[in-house]
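Just so we're on the same page: letters track the sequence lines, and every chain starts at 1. Here the structure is a predicted model, which is why all the values come from computation and not from measurement. Just so you know, these numbers use all the heavy atoms, side chains as well, and skip hydrogens, waters and symmetry mates.
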Amino acid sequence: MQAGTQRQYWLMKSEPNEFSILDLARKKREPWDGVRNYQARNMMRDQMRIGDLIFFYHSNCKVPGIVGVMEVVSESYPDPTAFDPNDGHYDPKSDPDKPRWYLVDVAYVETFTETIALQTLKACPELENMPLLRRGNRLSVMPVSEQEWQFIQSLR
DNA sequence: GCCAACGTTGGC
DNA sequence: GCCAACGTTGGC
């Protein structure tokens, strides 16, 4: 982490059918590719710093919720899957000379013994301002305040 | 599988 | 630049 820079906190979603925290635990480190949303991209490209911590959230599954922690371990760089016609996340409009999509590499930190379920998070007034809990929110990458981070850690 | 909410696309 | 149509997300 850069000297004088406060560590930041994030939450990132993944469908466990596609990529789960078990997959990350096995691989140790992985490019967080396939994000195709400008707001999410901007946060990865412009704001994330090496050493930031991220809640790993399982979406679109039986018990959606936070399942563990990972860490940002690279600066942002162009998402190579956008240039690969054989990749499911291929985007012909992303020019290698002017890439549209960016990502960071993340590393596995830990898995919680129990999922902190979305249902649990929703019941906490301390978290009512989290974008995650706002109606209709679909952002797959979002900031978490230090207070929210600490509070969620206390739910374990 | 349903469907509400939201982002993106493209015609005008 | 508006906005209708369409596609996707993601909880339920």
Side-chain angles (χ1 to χ4, degrees), chain A residues 8-27 30-48 52-72 76-145 147-156:
Chain A
Q8 305 170 101
Y9 301 99
W10 307 93
L11 179 147
M12 300 207 292
K13 300 178 184 173
S14 181
E15 302 191 15
N17 290 339
E18 300 289 324
F19 187 76
S20 75
I21 195 157
L22 290 175
D23 297 318
L24 183 62
R26 194 169 53 241
K27 293 188 164 186
E30 188 76 357
W32 199 261
D33 59 26
V35 171
R36 298 292 179 267
N37 170 282
Y38 290 103
Q39 255 185 289
R41 176 207 65 183
N42 290 348
M43 286 186 272
M44 286 203 290
R45 187 189 60 186
D46 305 332
Q47 292 181 249
M48 283 193 187
D52 287 359
L53 295 177
I54 309 163
F55 281 134
F56 195 131
Y57 180 94
H58 279 176
S59 67
N60 213 357
C61 57
K62 194 167 181 185
V63 183
I66 297 170
V67 293
V69 175
M70 51 192 167
E71 181 177 359
V72 177
S76 63
Y77 60 95
D79 184 343
T81 65
F83 309 132
D84 179 0
N86 297 316
D87 192 281
H89 300 292
Y90 177 56
D91 181 359
K93 292 179 201 156
S94 186
D95 178 348
D97 293 326
K98 206 181 174 224
R100 177 177 292 204
W101 304 113
Y102 284 75
L103 52 67
V104 296
D105 289 352
V106 298
Y108 176 76
V109 175
E110 62 175 333
T111 305
F112 296 160
T113 49
E114 284 182 65
T115 299
I116 303 175
L118 176 62
Q119 197 182 1
T120 303
L121 300 171
K122 278 182 171 171
C124 302
E126 292 87 347
L127 303 176
E128 65 187 4
N129 291 326
M130 286 189 80
L132 179 71
L133 305 181
R134 280 211 279 274
R135 182 182 171 79
N137 175 66
R138 290 165 27 186
L139 257 190
S140 66
V141 176
M142 68 188 76
V144 175
S145 75
Q147 290 84 348
E148 289 161 349
W149 182 273
Q150 301 300 349
F151 180 79
I152 290 167
Q153 289 284 2
S154 79
L155 297 175
R156 298 171 63 181

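- For the side chain to side chain contact (heavy atoms under 4.5 Å, CB included) criterion with Glu15(A), the lone passing option out of Ser59(A), Ser20(A), Cys61(A) is Ser59(A).
- Residue contacts shown for Lys93(A) are limited to sugar-phosphate atoms, with no base heavy atom under 4.0 Å away.
- If you find the closest nucleotide of DNA chain B to Asn60(A) and to Asn37(A), the one lying nearer the 5' end belongs to Asn60(A).
- When each of Lys13(A), Met43(A), Gln39(A) is paired with Val141(A), the side chain to side chain contact (heavy atoms under 4.5 Å, CB included) condition holds for Met43(A) and for no other.
- When the side chain to side chain donor-acceptor pair (under 3.5 Å) test is applied to Gln47(A), no partner is found at least two apart in sequence or on another chain.
- For Trp10(A) and Phe56(A), the distance between ring centers is not under 6.0 angstrom.
- For DNA chain C, the contact window with chain A, defined by any atom under 4.0 Å from a protein heavy atom, covers dG7(C) to dC12(C) in 5' to 3' order.
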List the atom pairs, donor and acceptor, that lie under 3.5 Å between side-chain atoms in residues 110-129 of chain A and the rest of the protein, sequence neighbours left out.
residue: Glu110(A); atom: OE1; partner: Arg156(A); partner atom: NH2; Å: 3.0
residue: Glu110(A); atom: OE2; partner: Arg156(A); partner atom: NH1; Å: 3.1
residue: Thr111(A); atom: OG1; partner: Tyr108(A); partner atom: OH; Å: 2.6

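- Nucleotides of DNA chain B nearest to Asn137(A) and Arg100(A) differ in position, and the one nearer the 5' end is that of Asn137(A).
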